[in-house]
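In what follows, a structure is listed as structure tokens, so that the remarks can point back to it.
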Amino acid sequence: MSGHINELAELYALGSLEVRERATVERHVRTCVECANRVRAAEETIAFISDLQEHHEPPQTIAENFVARLAVSRVAQKHASLKVITTIFVGGLILFSLMPKHSALTGARAYITPAVVGIQQNRRVAPVYRRAGGDAVRLMSHFNLAMQR
Amino acid sequence: MIGTGTLEPSRAWSPEALAEPYEDAALEQAFAHRERWALDGVYARYHSLLYSVAYNVLRNADDAQDCLHDALIRVWTKRVTYDVARGTLRSFLVVCVRNQAISQQRIAARFARLSQRVGAESSDRAELRVVDYVENQRLYAAFMGLPKEQRAPLVLSYFLGKTHVEIARELGLSLGTTKSRISLGLQKLGRVLKARVIS
């Protein structure tokens, strides 16, 4: 964005912008001190208004519930990372198995293609996504089998 | 300490732990750098305020609690980053929780019903609704001190979490006019509230 974000600063702080405009403001304020200050002033006004609004006491168990939520998030975060790694790994294998015949890696392709076909025939593609760690080992055993043939 | 950016819970929280004093500046620095103790400190210091912020948008205890926790986890796992240079951590968190609450509210069926009701009303009625949302006299006076044409869009934006596009449609204004009225209204409100604090 050239120039400044002008009134978008206040709209951003109020949460009144659409997703794309929000992203534009966030990118802009990283490099424009003047606009960052304007957003900051607007955010302080929002905090001011919040201070003056009715206060509501949180439930007594709120901290325990937060600890439980953190634990769930931690597990979800771990699963998400494993899923990404497995997806990249399996995707890489499939792409590799589809490589042209005269590739420099033709030799390796001869071992990988049967491994991928073996997984598909054994319907182990879905479990690979579900239990990333264990199935990565299973993938490797398919490689070993293919190599031995 | 309950965690780092990777959310490692390491101790049970107690009322004593929550009452632990934390220095503002140190807490801000630590939170920006995701030091292990900073999430504890932020929760201890601000959870009550932030819960209230969420509650004032959502008007439901369970939703407010979920909203507060979603927002904090989002901030802590780096999907939204805090930088000390951009202002106080307190304001930053208030805005994050409020925005999270507005997003939740936009999705909720309750909001759809409210939209229908307000959409059917004129801008004058929207202005009068300030009194439905503001119990604090000082805040009420500040809102009522705004020019009429700035008050309506600001009320729809702040209290009902509407986007400027929705507000423009509801009030029959152009997008540019809506943006500038909201912006001027908020700036003026900020000046009035600050001046009253100083005086």
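Per chain, numbering begins at 1; letters A, B, ... match sequence-line order.
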- prompt: Under 6.0 Å between the ring centres of B:Phe143 and B:Phe159?
  reply: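 That pair passes the under 6.0 Å test.
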
message: Counting C-beta onward and ignoring hydrogens, is there a side-chain heavy-atom pair between A:Ile49 and B:Leu186 closer than 4.5 Å?
response: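 Yes, at least one pair of side-chain atoms sits under 4.5 Å.
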
query: Are any non-hydrogen side-chain atoms of B:Tyr55 and A:Glu57 less than 4.5 angstrom apart?
result: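 When only atoms from C-beta onward are counted, A:Glu57 and B:Tyr55 do not touch, as no gap falls below 4.5 Å.
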
What part of [X] gets within 4.5 angstrom of chain A, counting heavy atoms only: side chain, backbone, both, or neither?
{"X": "B:Leu93", "result": "neither"}
{"X": "B:Ala142", "result": "neither"}
{"X": "B:Leu154", "result": "side chain"}

field: Residues A:Glu43 and A:Tyr12: side-chain donor-acceptor under 3.5 angstrom
entry: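 Their side chains do not contain a donor-acceptor pair, so the 3.5 Å distance test is not met.
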
Of the listed residues ([options]), which shares the most heavy-atom pairs with chain B below a 4.5 Å separation?
{"options": "A:Leu14, A:Val29, A:Asn6", "value": "A:Leu14"}
{"options": "A:Ala13, A:Ser16, A:Ala41", "value": "A:Ser16"}
{"options": "A:Arg40, A:Arg22, A:Arg38, A:Gln60", "value": "A:Arg40"}
{"options": "A:Pro58, A:Ala9, A:Ser50, A:Pro59", "value": "A:Pro58"}

query: Under a 4.0 Å N-O cut-off, is there an ion pair linking B:Arg90 with A:Glu44?
result: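 Judged by the 4.0 Å cut-off on N to carboxylate O distance, B:Arg90 and A:Glu44 do not form a salt bridge.
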
task: Indicate yes or no: does B:Arg59 engage A:Glu54 in a salt bridge with an N to O separation below 4.0 Å.
output: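 A salt bridge links B:Arg59 with A:Glu54.
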
field: Parallel, tilted or perpendicular: ring planes of A:His4 versus A:His28, cut at 30 and 60 degrees
entry: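 Taking A:His28 first and then A:His4, their aromatic rings stand perpendicular (interplane angle over 60°).
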
Taking every heavy-atom pair that is under 4.5 Å apart, which of [options] has the most such pairs with chain A?
{"options": "B:Val95, B:Val165, B:Ile102", "value": "B:Val95"}
{"options": "B:Gly87, B:Ser91, B:Ala61", "value": "B:Ser91"}
{"options": "B:Leu68, B:Asp66, B:Asn99", "value": "B:Asn99"}
{"options": "B:Leu184, B:Val94, B:Thr163", "value": "B:Thr163"}

field: Shared hydrophobic cluster, A:Ile5 / B:Leu175 (ILVMFWY, side-chain heavy atoms < 4.5 Å)
entry: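 Different hydrophobic clusters.
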
Which atoms of A:Glu21 approach chain B - backbone, side chain, both or neither, heavy atom under 4.5 Å: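 The side chain, not the backbone.
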
